4 protein chains.
Amino acid sequence: MKPKDQNKVEAIYRAMLGLVRQRGLAGITMQQVAREAKMATGTLYIYFKNKEALVVALTDKCVRHVASNLFRNYNADAPFKTGFATIWMNIVRHRIEFFNESLFIEQSFHSPFVSNETKLALKKSFDPLLLLLQRGKDEKIIKDVDSFWMLAFIIGGINEIARRVNYFNRKASQQVLETNFQLCWDGIKAA
Amino acid sequence: MKPKDQNKVEAIYRAMLGLVRQRGLAGITMQQVAREAKMATGTLYIYFKNKEALVVALTDKCVRHVASNLFRNYNADAPFKTGFATIWMNIVRHRIEFFNESLFIEQSFHSPFVSNETKLALKKSFDPLLLLLQRGKDEKIIKDVDSFWMLAFIIGGINEIARRVNYFNRKASQQVLETNFQLCWDGIKAA
Amino acid sequence: MKPKDQNKVEAIYRAMLGLVRQRGLAGITMQQVAREAKMATGTLYIYFKNKEALVVALTDKCVRHVASNLFRNYNADAPFKTGFATIWMNIVRHRIEFFNESLFIEQSFHSPFVSNETKLALKKSFDPLLLLLQRGKDEKIIKDVDSFWMLAFIIGGINEIARRVNYFNRKASQQVLETNFQLCWDGIKAA
Amino acid sequence: MKPKDQNKVEAIYRAMLGLVRQRGLAGITMQQVAREAKMATGTLYIYFKNKEALVVALTDKCVRHVASNLFRNYNADAPFKTGFATIWMNIVRHRIEFFNESLFIEQSFHSPFVSNETKLALKKSFDPLLLLLQRGKDEKIIKDVDSFWMLAFIIGGINEIARRVNYFNRKASQQVLETNFQLCWDGIKAA
DNA sequence: AATGAATGAGTTTTCATTCAT
DNA sequence: TATGAATGAAAACTCATTCAT
């Protein structure tokens, strides 16, 4: 009586994420995943019906992971800048630490597998930030710019930091992050 | 690779770029490319030795395309802000219009095909911008922030604009671009 | 410009039929079929979407083949016994000569692939015989037995002849067939 | 094969027989058998060395089952017709009731597992009937037709009755059986 | 003995590449 | 050159069998 092993699922996920970075999502073979996760190919199919199911499940997990981290320690009652800085730091740290997950999400969103539902879920996880931006605009703290584009500005900068940390093997010290936050903040703050 | 018929080559490139967006680079088959380019599979191999050669050639082309557009109309002798705005607009317009090319570059950089040389070439195409940023810092017009991270800030915002235009089917009017430029400018300009 | 090759389809069918006899339907691998048909495995998939499609197509073909042979040379206006003998001989000869097809039909009917439609088509191909039996009963030439069971009696005997010819490697001479027909005829004819 | 628990063995046999009808012998997986027999896959291997051993054992059992039923209540000293009718009824009833076993025998005979010995055993189980037919011929009660073909005629009709009862879900009443016997009898009886 | 997850060889299917036309 | 059927190596997936519990 051997129960299904949650560690195996984790190992499979870890293997996928590691490989995506090297080969790109569709360049990955199930054999590679199995080898990387130290199990037989057949075992993958005990845990996932097929490759598509694996991709879908991992995408969902990554999307939920993002959502669960975005607003950690965020207090909606704190002053605007405090709240915004908290979220900004959350996102940038998540993106850096779990860069492979972001990469995986991006790639899987370009595969024919992932549902619009999942795509929407990712988008909706940013809603509280949109709410906060609205409040900032109401309080005249930040510029009165369409939140869609302001979010682009904020997220874009963050993404690129994470990308560079990972691709150019740079360390993002607290100092660096604060400097970068300053650029972002000066960009959005009301004149 | 005997480009007797340059139209065919273009058709193949166009097919690749269109498909990458839908399926991701590695999800593409040569048959799909051929069908999309309205020719027989065998014909692809008249123009390109194999799939790798096709990916490499297209990557090179896209990288050269970026480089050739970045500094269009840029006058190194103009005032800093004028020059910077010119470049910023060049990049954002290129990224929006040729979004599929950017996507392709990103994906092909994750494939085992593309050489470091090509990757470096892309990086180097931004050198004049780095030069300009240095001048801006020297002239105390912009903040004294490591150009590596300042570039991240600038490019990140631009990337995200292009992404949103394409994924959310938004129109980026001159108005929108100027507003976004303002955010960026306020971010980098010296206090 | 090489057109799809009908000979290939025939070769595949022939290979399948030959193999079914040795291994049973589900014991056949696509590789075996390909080897037997003297082509590469991949080629099978040019002609048939997958194994199931191949089985279905061949089943249909065999069923249509039976139907097309049952009533060859049959003249509905001839005396009952003449007509009946014609059909009886048609069936027995078809079953003997194309024994592998019968075998294939039987096995594929036990697979999860084949539609009820196909099964019905086979059943319906016997309708003219049922009609003839009815006439024979009306004319008091044959016994007044439910045609369903009378058909069982007729067909059962024929099947077993074909089986024995093939399994025991016996020759079914005209003489033998006539003797066997006599058994059948004496069975059904009115007292 | 340690038949500690005969119930398990029976359950496995029952599962096999049920599945063969639906999927065909070679379409059956050990997992399906296990599920159907309400036990774990591993358990099958406690009772049978491997799949082949299971098929062989069940085939033997089915063949022995036929043999044991053919001549039940048969009295070699009774008049010919009485004896023949007894056997005919035995066979038809066995074939109808244990149709899945007949099916299984037929399919397993087409697999590479079953030995010629087993095939011969089945054939030999009909010997007493052949003997009886010879007596009938000697006594001029039945036609002087090669017993090989006369048996084909007799068995063929029986097989088809069983097939139709099972495939068309028809009930074979005593009445129906007697009618069918009459067809057979009229076929073989001397002119 | 019983279980069912794990294994990996074997099968089905795909796809880059070749080749006859 | 252009075609697309043919090829066969490689990928996805299955399943008989084993093994730790």
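In what follows, chains carry the letters A, B, and so on, assigned in the order in which the sequence lines appear, proteins first and then strands, with residues in each chain numbered from 1. Computed from a predicted model, the values in this text were never measured in an experiment.
The side chain of A:Tyr47 sits closest to E:dA6 out of E:dC15, E:dA1, E:dA6. For C:Lys51, whose side chain is taken as the heavy atoms from C-beta onward, the closest listed nucleotide among E:dT12, F:dT3, F:dT7 is E:dT12.
OP1 or OP2 of F:dA11 has not a single side-chain nitrogen or oxygen of A:Thr29 nearer than 4.0 Å. Of the side-chain N and O atoms in C:Thr41, none sit less than 4.0 angstrom from OP1 or OP2 of F:dG8. At E:dA6, one or more side-chain N or O atoms of A:Lys8 fall inside 4.0 Å of OP1 or OP2 (strictly under the cut-off).
Applying the 6.0 Å contact sphere to CD of B:Gln31 captures no more than 12 heavy atoms from other residues, nucleotides or ligands.
Listed here is the closest heavy atom pair of C:Met39 and C:Ala11: CE-CB, 4.3 Å. Closest approach of D:Leu25 and D:Ser108 over heavy atoms only: CD2-CA, 3.6 Å. In terms of heavy-atom proximity, D:Gln32 sits nearest to D:Gly27 at OE1-O, 3.5 Å. The minimum heavy-atom distance linking C:Tyr45 with C:Asn50 is given by the pair CE2-CA, 3.8 Å. Nearest heavy atoms, B:Ile28 versus B:Met16: CD1-O, 4.0 Å.
Using a cut-off of 4.0 Å between Lys/Arg side-chain N and Asp/Glu carboxylate O, C:Glu106 and D:Arg163 are scored as salt-bridged.
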Test side-chain contact (heavy atoms from CB on, under 4.5 Å) on C:Lys119 and D:Tyr167 and set out the steps. CA-CA 11 Å; C:Lys119 292 179 183 173; D:Tyr167 291 153; over 6 Å; no

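The distance from atom OH of B:Tyr45 to atom P of F:dT7 is 17 Å, rounded to the nearest whole Å. Protein atom CD of C:Gln6 is 14 Å distant from nucleotide atom P of F:dA5, rounded to whole Å. Remark: C1' of E:dA16 and CZ of B:Phe48 are 15 Å apart, rounded to the nearest angstrom. For the pair B:Gln32 CD and E:dT14 P, the interatomic distance rounds to 12 Å; values are reported in whole Å. Atom C1' of nucleotide F:dA16 and atom CG of D:Leu19 are separated by 16 Å, given to the nearest angstrom. For the pair C:Arg35 CZ and E:dT11 P, the interatomic distance rounds to 10 Å; values are reported in whole Å. Rounded to whole Å, the distance from CD1 on B:Ile12 to C1' on F:dT3 is 14 Å. Per the geometry, CG belonging to B:Asn50 stands 8 Å off P belonging to E:dT18, to the nearest Å.
Backbone-only contact: A:Ile28 has heavy atoms under 4.0 Å from sugar-phosphate atoms and none from a base.
Summary of the strand contacts: A:Met30 and C:Thr43 both lie near DNA chain F, and taking for each the nucleotide with the nearest heavy atom, the more 5' one is attributed to C:Thr43. Between B:Gln31 and B:Met39, the residue anchored nearer the 5' end of DNA chain F, judged by the nucleotide with its closest heavy atom, is B:Met39. Each of A:Ile46 and D:Lys38 has a nearest nucleotide on DNA chain E; the 5'-most of these lies closest to D:Lys38. Toward the 5' end of DNA chain E, the nearer of the two residues C:Ala26 and B:Gly42, judged by each one's closest nucleotide, is C:Ala26.
Axis angle between the ends of the helix from E:dA2-F:dT21 to E:dT21-F:dA2, five pairs each and rounded to 10 degrees, works out to 0°.
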